[in-house]
Structure formats: C-alpha cells, structure tokens
Amino acid sequence: MDPFNLGNELKKLKEVKSADMAISSLVRSRLDETYASLPDRAPARKNKPKSRLRRIASVTSAAVILGTTLFASGFVSPVMASSIKNIPLIGSLFSSIEGDIGLRSAGDLGLASPVNKKVLYKDVKLEVTETVFDGNRAAFLLKVTAPNLQDGKYDNGKKTVNLNNAVDNVIFSVDGKRQGDPGSILKGGFFAGAGEANPDMLIFEEVLDTSDVRSIPDSFDAEVTLVLDGIDHEFKVAVPFRKSTDRILEMNPDAAVTKDELTFSVSALQATPLTTRIYSSVALDKVTALNLKEEDRLRRIGIAVFDDQGRQLPRLNGDGVYVGNRLNFDSRYASTPGKTGYLILKPFVIKDDFTEKVQEDQYLKGLEMKIDMIAAAE
C-alpha cells in the first residue's frame with residue numbers, strides 16, 4: 001500500500017511547564033508540508049506538498065511505518081540553563097529554539113555538538129555551527145553570511161526574499177544514499193528559519209528509519225547539497241553527526257484497547273531526551289479491507305499524548321500506511337523535560353487540521369491507553 005505523510009504540530013513553549021503553546025515558524029513549516037501531502041481520498045493518489053520548500057526535496061519518495069517515543073531527564077535547572085545559554089560560545093543556540101522543546105532540551109542538557117564546517121562561493125558563506133543526534137532524528141544549525149543579507153533578508157536580483165523561504169533545493173545523503181534508496185537510513189527531512197533571535201540561521205532536520213535500530217550508527221557523516229534562490233551554485237557541505245545520548249528506552253507494549261468497532265493498539269515505543277516516537281494503529285474491526293470512506297474515517301483520527309504531569313507532548317510529524325482493516329502510524333513527538341513515569345495516549349477525531357486545539361468532545365472515549373515508562377526502563 002502507498003503510505004501518506006501525517007503532519008503534526010509543535011506549540012511554542014515560552015516556559016518549560018507551560019501547557020498553552022503557540023505554533024512556531026519551525027513547526028508551522030513542518031505542518032504546512034506534511035498536512036498538504038495528505039490524500040483527499042485514497043493513499044494511492046498522493047498529493048505532493050504545496051511547497052514553500054520547507055520539506056527537504058530528497059524526502060519525496062514513499063515513507064514506511066516506524067515507531068519510537070521518548071522522555072527527557074532534566075540535569076540542568078532552568079535558572080542555570082538560562083545563564084549558560086547567555087554566555088557566548090558556551091551555551092547552545094538550540095536552547096533558544098522556540099518551538100521544538102526536544103531540541104531546546106538538547107541544548108540545555110549539553111547534548112548539542114559544536115561543528116565548524118564551512119563552504120564558500122564568491123562572497124556567500126554557509127557554516128554548520130551545531131548538530132544534535134539522538135538516534136531518531138538528526139538536526140543541524142546553518143549560518144548564512146553574505147554582504148546583502150541583513151536581518152534574514154536579501155535581494156536575489158529580482159526581489160527581496162526571506163532566508164527561510166529562499167532554499168530552492170536540499171538533498172541529504174548518507175554513504176551516497178538518499179531517502180528511498182535501498183539500504184538508506186533516511187526517512188524524511190524538514191527545514192525552517194531559526195527564529196527571530198537568529199534571522200540569518202536555518203534549522204535542518206532529518207528523521208531516521210529506526211525500523212531496525214541496529215542499522216543506525218552511533219556516528220555518521222551526511223552530505224548536504226543546498227541551492228539558494230538567486231545563486232547559481234550548489235553548496236555542498238559534509239555534516240558530522242555523533243549520538244550524544246545513550247539514554248534510549250525501547251519498548252514493545254503490544255497493548256490494545258477496543259471500544260465498539262474500533263481497536264487502538266501500540267506495538268512499539270522508543271524514547272530519548274529529544275524525541276518520542278510511537279508505533280500505533282487504529283483498526284475498524286467490522287471489516288477485513290477498507291473502502292475509501294473507511295480510509296478517510298481512520299485518517300481523521302489523531303493521537304494526543306500526555307505525560308504523568310498532564311503536559312501534552314508537542315506533536316512533530318509522522319507517517320501512516322493502510323494495511324488490511326487498519327491504519328498504522330509512525331508518530332513523532334517532542335519530549336517534555338524531566339523523568340516520565342508513564343504516558344497517556346488519547347485518540348481523538350480531527351475536526352479541522354493537525355494544528356487545532358483538541359476539545360474534550362473530540363476524544364474517542366474508551367480508547368485511552370496508559371503506557372508505563374518506569375517499569376520498562378528498569
């Protein structure tokens with residue numbers, strides 16, 4: 001079966017404990033691309049993203065279902081983290097990311113790796129300054145320097161463009177293999193501006209295929225090819241990634257809950273301090289194969305995830321595929337800081353899109369599930 005991309009949103013955290021979050025530009029860029037790619041009918045009719053070129057070009061091939069979840073343990077107090085990140089060359093710029101609390105935690109916990117990789121073409125310089133890699137997703141910060149680049153805007157010869165809208169093409173490869181190539185560990189990528197505080201920087205993120213975690217190396221070099229609007233040149237830079245945490249929780253709950261004609265199940269879960277990744281499925285029990293109406297019904301079901309403090313894990317992105325009478329999900333979430341004893345998974349009916357704030361009447365009563373994290377970690 002052909003899969004489709006399932007977009008999810010992150011909401012902006014101004015404070016670590018805040019439950020009410022606004023969507024950042026980083027997350028909005030993910031959502032615009034992944035939500036636009038949802039099929040209107042059957043997954044066989046794939047819609048290409050209505051591009052603002054936020055989804056990495058090498059990600060256009062079909063995705064498959066993976067799964068992982070994560071939790072973070074806070075070793076640095078908010079006061080100490082704030083002090084550290086205000087010291088030049090010591091704090092990580094990932095700590096200032098407004099939307100992705102997983103990346104913020106990576107910066108605060110010292111999980112970001114400093115990098116000094118540069119490429120030059122005439123008077124334009126691209127510099128990779130930091131990377132983060134947790135075995136699930138790899139992210140890096142790219143600083144752009146050019147004489148006519150000011151406050152994240154430059155003249156491309158025809159008009160003034162924002163840097164975060166000026167990426168014409170990005171190709172991400174590892175060992176010469178792009179996403180979709182046989183043996184590739186790449187599953188899809190996104191990029192966006194690094195926020196108002198860093199207008200001349202971009203964030204790039206690549207999701208890895210963890211269906212066989214043994215195939216994911218602890219370190220690797222990626223070749224990133226980048227084309228900017230108005231510049232007739234392909235920039236190529238080697239970006240080194242090394243896993244900065246070995247705190248990875250892997251679970252196979254094989255748990256299921258049935259209510260009326262629906263069954264919600266979770267087959268696998270993986271957790272790191274950055275990313276929560278969950279393999280789940282929703283099945284329509286009364287049938288053996290889905291028609292178009294039934295497919296549409298299942299793809300309008302989202303999964304909200306809450307930790308043991310009642311904090312909702314911000315949704316990042318994901319993939320889904322129809323198999324028989326079910327829709328299998330690979331959903332990625334950003335972790336909430338601090339140790340998590342358990343997660344509560346609550347299926348709900350999507351009324352508008354994946355950016356909506358879920359109301360109580362949208363939850364599918366009787367399909368909630370509790371996943372014990374502490375027991376699995378022991």
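This chain uses plain numbering: 1 for the first residue, then up along the sequence.
Using cut-offs of 30° and 60° on the angle between ring planes, the pair Phe220 and Phe133 is perpendicular.
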Test side-chain contact (heavy atoms from CB on, under 4.5 Å) applied to Leu269 and Ile371, step by step
CA-CA 9 Å; Leu269 180 154; Ile371 303 294; 3.9 Å; yes
Are Ile278 and Tyr333 close enough, and set up right, to give a side-chain contact (heavy atoms from CB on, under 4.5 Å), and what steps lead you there?
CA-CA 8 Å; Ile278 302 173; Tyr333 302 80; 4.1 Å; yes
Starting from the C-alpha separation in whole Å, work towards a yes-or-no answer on side-chain hydrogen bond (donor to acceptor under 3.5 Å, both in side chains) for Arg104 and Ser95.
CA-CA 4 Å; Arg104 288 184 65 177; Ser95 295; over 6 Å; no
Let me see the working for Asp155 and Asn148 under side-chain hydrogen bond (donor to acceptor under 3.5 Å, both in side chains), right down to the final yes or no.
CA-CA 7 Å; Asp155 188 341; Asn148 67 341; 5.9 Å; no
Stepwise, does the side-chain contact (heavy atoms from CB on, under 4.5 Å) test hold for Val115 with Val239?
CA-CA 8 Å; Val115 175; Val239 184; 5.6 Å; no
Hey, mind stepping through Leu202 and Leu141 against side-chain contact (heavy atoms from CB on, under 4.5 Å) and telling me if it holds?
CA-CA 6 Å; Leu202 297 168; Leu141 291 172; over 6 Å; no
Kindly determine whether Glu130 and Lys143 satisfy salt bridge (Lys or Arg N to Asp or Glu O under 4.0 Å), including the steps that lead there.
CA-CA 10 Å; Glu130 293 183 75; Lys143 182 178 181 180; over 6 Å; no
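Side-chain atoms of Asp307 come within 3.5 Å of backbone N or O of Gly310 as a donor-acceptor pair. Ser244 places no side-chain N or O within donor-acceptor distance of the main-chain N or O of Ala112, the cut-off being under 3.5 Å. For the pair Ser335 (side chain) and Pro273 (backbone), a donor-acceptor distance under 3.5 Å is present. When atom types are taken as modelled, the side chain of Asp181 and the backbone of Ser184 share no donor-acceptor pair closer than 3.5 angstrom.
The OG1 atom of Thr340 lies 6.0 Å from the CE atom of Met373; values are rounded to the nearest 0.5 Å. Atoms CZ and CD1, on Phe348 and Ile303 in that order, are 7.5 Å from each other to the nearest 0.5 Å. To the nearest 0.5 Å, atom OG of residue Ser113 and atom CZ of residue Phe140 are 14.0 Å apart. Interatomic distance, OG of Ser280 versus CG of Asp330, reported as 9.0 Å (0.5 Å rounding). Atoms CZ and OG1, from Phe94 and Thr129 in turn, are 7.0 Å apart once rounded to the nearest 0.5 Å. Between Asp151 atom CG and Glu196 atom CD the span is 11.0 Å, to the nearest 0.5 Å.
Residues Leu313 and Arg311 fail the side-chain proximity criterion, which asks for heavy atoms closer than 4.5 Å. A 4.5 Å side-chain heavy-atom check between Thr263 and Val282 finds every atom pair outside the cut-off. Within the 4.5 Å cutoff, the side chain of Leu208 has no heavy atoms near those of the Asn136 side chain. Side-chain atoms of Val167 and Asp229, non-hydrogen and from C-beta on, never get closer than 4.5 Å to each other.
A salt bridge is absent between Asp134 and Arg137: the closest approach of a Lys/Arg side-chain nitrogen to an acidic carboxylate oxygen does not fall below 4.0 angstrom. Ion pairing between Lys370 and Asp372 fails under the 4.0 Å rule for side-chain N and carboxylate O. A salt bridge does not link Glu368 with Lys346: every distance from a Lys NZ or Arg NE/NH1/NH2 to an Asp or Glu carboxylate oxygen is 4.0 Å or more. Salt bridge annotation for Arg178-Glu223: absent, with no cationic side-chain nitrogen under 4.0 angstrom from a carboxylate oxygen. Classification of Glu295 and Arg300 as a salt-bridged pair fails, no side-chain N sitting under 4.0 Å from a carboxylate O. Under the 4.0 Å criterion applied to side-chain N and carboxylate O atoms, Asp308 and Lys339 are not assigned as salt-bridge partners.
For Lys351, the NZ atom counts as densely surrounded, since its 6.0 Å shell holds more than 12 non-hydrogen atoms of other residues, nucleotides or ligands. Annotation for Asp221: atom CG counts as buried by contact number, over 12 foreign heavy atoms lying within 6.0 Å. Counting non-hydrogen atoms of neighbouring residues, nucleotides and ligands closer than 6.0 angstrom, the CG atom of Asp361 exceeds 12 such neighbours. In the displayed structure, Lys259 atom NZ is contacted under 6.0 Å by at most 12 heavy atoms of other residues, nucleotides or ligands.
Checked options Val144, Asn162, Leu228; the residue passing with Tyr154 is Leu228 (criterion: side-chain contact (heavy atoms from CB on, under 4.5 Å)). Here the options are Lys187, Arg299, Arg332, the test is salt bridge (charged side-chain N to carboxylate O under 4.0 Å, His left out), and the partner is Asp319; only Arg332 passes.
Heavy-atom minimum distance, Pro240 versus Lys117: CD-CG, 4.0 Å. The two residues Leu367 and Pro347 have their closest heavy-atom pair at O-CD, 3.4 Å. Residues Ala334 and Gly102 come closest through the heavy atom pair CB-N, 3.7 Å. Listed here is the closest heavy atom pair of Leu284 and Leu262: CD1-CD2, 3.8 Å. Heavy atoms only, all atoms of each residue included: Arg326 and Ser281 are closest at NH1-OG, 3.0 Å. Across all their heavy atoms, Ala289 and Asn325 have their closest contact at N-CB, 4.4 Å.
The hydrophobic cluster containing Leu120 does not contain Leu149, counting ILVMFWY residues as joined when their side-chain heavy atoms lie under 4.5 angstrom apart, directly or transitively.
Under the side chain to side chain contact (heavy atoms under 4.5 Å, CB included) criterion, Val227 pairs with Asp168, Asn169, Glu234, sequence neighbours left out.
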